[in-house]
**Student:** 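The structure's right below; bear with me while I get my questions together.
Each ligand, and each atom within it, is numbered from 1 in the order the structure gives.
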Amino acid sequence: MPGAIHAEGLVKTFGDVTALDGVDLDVPEGTVLGLLGPNGAGKTTAVRVLTTLLRPDSGTATVAGVDVLKHPNEVRRSIGLSGQFAAVDEYLTGRENLQMVGQLYQMRSGAAKARAGELLERFHLADAADRPARTYSGGMRRRLDLAAALVVSPPVMFMDEPTTGLDPRNRQALWDVIKELVSGGTTLLLTTQYLEEADHLAHDIAVVDHGKVIARGTSDQLKARTGGERVEVVVHERDAIAPARGILARYGPGGRGLDDVSVEDHTRKLTVPVTGGAKLLAEVIRDLDAVGIEIDDIGLRRPTLDDVFISLTGHAAERARDEENGTGRPPGKDRTNRKEPAA
Ligand SMILES: Nc1ncnc2c1ncn2[C@@H]1O[C@H](COP(=O)(O)OP(=O)(O)O)[C@@H](O)[C@H]1O
Ligand SMILES: [Mg+2]
């Protein structure tokens with residue numbers, strides 16, 4: 001039986017850009033699918049097709065069992081969407097905006113008021129609740145927009161990069177609300193550039209790059225593809241990097257010799273995938289000590305989805321800047337999928 005969201009062979013081109021290049025998706029009812037990929041991967045295009053806002057060039061999709069292309073109005077009645085298209089009325093207050101959404105969905109007025117109050121609280125908008133939305137900062141609008149999408153819990157929800165630009169405490173608030181929705185039975189398709197977010201929220205992850213799903217599985221399955229845990233060592237002296245690399249290579253998966261060990265010169269950090277767990281650390285420390293290599297730090301860590309992305313694509317995921325907290329990385333180039341001009 002197809003899931004709550006099912007897509008087969010979705011293709012969408014814009015001129016010479018192939019935004020979707022044959023995408024298949026299946027999201028079982030009551031689960032969260034994380035569509036993970038860098039800027040320009042095709043995430044928003046996929047969401048727009050599935051939410052009836054855009055017709056694909058080819059392919060089919062159903063949402064809650066209803067054909068997206070044949071019965072778009074029926075699909076719209078069973079979905080919720082947050083993203084760049086949500087409608088916040090500038091002249092209403094934050095509270096009025098949320099209550100209005102409740103009324104549109106025929107909630108009782110007491111219930112709509114209570115839900116609005118709760119969401120304003122959770123997204124740290126309570127102080128601004130009775131000011132018109134046009135006086136809100138960019139970050140506050142973004143939060144109001146998310147809250148509006150969460151007033152009712154439709155059977156199927158789509159959230160397009162919901163936490164991009166949120167500060168950590170609002171990100172946590174959103175994660176909590178999402179978990180509540182899902183435990184209440186909502187099916188969610190969430191797009192994200194944040195590997196740790198997909199890891200945290202999604203039952204299944206589909207990694208998209210250049211309009212294609214390049215890998216799918218649970219977070220653990222994807223992590224397993226990178227070969228388990230890693231030992232990370234920071235050596236004290238720059239000169240120790242080369243000999244330390246030789247020693248760490250002995251612990252690597254083999255076959256690649258020194259290439260098993262990745263080196264970050266400016267931090268003097270060496271990383272090697274290992275199997276063997278914590279007792280291995282003691283052995284590594286002893287081996288390094290035996291040749292007089294001094295270490296500043298050593299640890300064992302599980303691979304992150306970042307490692308997965310690198311191993312799948314040969315490049316790191318590019319991401320947008322985190323606007324509110326300023327701790328994000330520089331904005332990624334919007335990588336387009338343009339075909340190379342014929343030589
Ligand atoms: N309306 C459009 N017109 C032209 N190109 C578009 C349009 N929408 C998206 N694209 C292009 O399609 C590709 C995928 O875009 P998008 O789905 O927005 O990616 P993502 O959401 O993963 O960042 C990008 O190269 C983007 O520039
Ligand atoms: Mg997008």
**Student:** Answer yes or no for Asn39: is there an N/O/S atom below the 2.8 Å cut-off from the Mg ion (ligand 2)?
**Tutor:**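 No - counting backbone and side chain alike, Asn39 has no N, O or S atom under 2.8 Å.
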**Student:** Are any side-chain N or O atoms of Thr187 and backbone N or O atoms of Gly30, one a donor and one an acceptor, separated by less than 3.5 Å?
**Tutor:**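 It does hold such a pair.
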**Student:** May I ask you to test the Thr93-Arg131 pair for a side-chain heavy-atom distance under 4.5 Å?
**Tutor:**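 Answer no - side chains too far apart.
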**Student:** Closer than 4.0 angstrom: is that true for some heavy atom of Ala46 and an atom of ligand 1?
**Tutor:**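 Heavy atoms of Ala46 never come under 4.0 Å of ligand 1.
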**Student:** Give a yes/no verdict on whether any heavy atom in Gly37 is under 4.0 Å from an atom of ligand 1.
**Tutor:**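 The answer is no: ligand 1 sits nowhere under 4.0 Å from a heavy atom of Gly37.
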**Student:** With heavy atoms of Asn39 as the reference, note each atom of ligand 1 found under 4.0 Å away.
**Tutor:**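 Taking each heavy atom of Asn39 in turn, ligand 1 has 23 (O) under 4.0 Å.
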**Student:** For ligand 1, is there an N or O atom under 3.5 Å from any N or O atom of Ala41?
**Tutor:**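 N/O-N/O distance under 3.5 Å: yes.
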**Student:** If you measure from the Lys or Arg side-chain nitrogens to the Asp or Glu carboxylate oxygens, is any gap between Glu90 and Arg141 under 4.0 Å?
**Tutor:**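 Result for this pair is yes, salt bridge flagged.
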**Student:** Cut-off 3.5 Å, no hydrogens considered: what does the side-chain donor-acceptor table look like for residues 103-110, sequence neighbours left out?
**Tutor:**
none

**Student:** Going by distance only, is there an N or O of Gly42 that falls short of 3.5 Å from an N or O of ligand 1?
**Tutor:**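 Yes, since at least one N or O of Gly42 sits under 3.5 Å from an N or O of ligand 1.
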**Student:** With nothing but distance in play, are any N or O atoms of Arg48 less than 3.5 Å from an N or O of ligand 1?
**Tutor:**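 In fact, backbone or side chain, Arg48 has no N or O that close.
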**Student:** Could you walk me through whether Lys113 and Arg115 pass the side chain to side chain contact (heavy atoms under 4.5 Å, CB included) test, one step at a time?
**Tutor:** CA-CA 6 Å; Lys113 269 189 184 146; Arg115 181 68 174 156; over 6 Å; no
**Student:** Do you know which two heavy atoms are closest between Arg142 and Thr163, and how far apart they sit?
**Tutor:**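 Answer, listing the atom of Arg142 first, then Thr163: NH2-N, 4.1 Å.
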**Student:** Looking only at N/O atoms, are Gly40 and ligand 1 under 3.5 Å apart anywhere?
**Tutor:**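 Looking only at distances, the answer is yes, because the N/O contact criterion of under 3.5 Å is met.
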**Student:** Taking the basic N atoms (NZ, or NE/NH1/NH2) and the acidic carboxylate oxygens, is any pair closer than 4.0 Å for Arg268 and Asp296?
**Tutor:**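 A salt bridge links Arg268 with Asp296.
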**Student:** With heavy atoms under 4.0 Å as the rule, classify the contact between Thr44 and ligand 1 as side chain, backbone, both or neither.
**Tutor:**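 Looking at Thr44 and ligand 1, atoms from backbone and side chain both fall under 4.0 Å.
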**Student:** Taking only heavy atoms of Pro38, which atoms of ligand 1 are found under 4.0 Å from at least one of them?
**Tutor:**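 Going through ligand 1 atom by atom, the ones under 4.0 Å from Pro38 are 22 (O).
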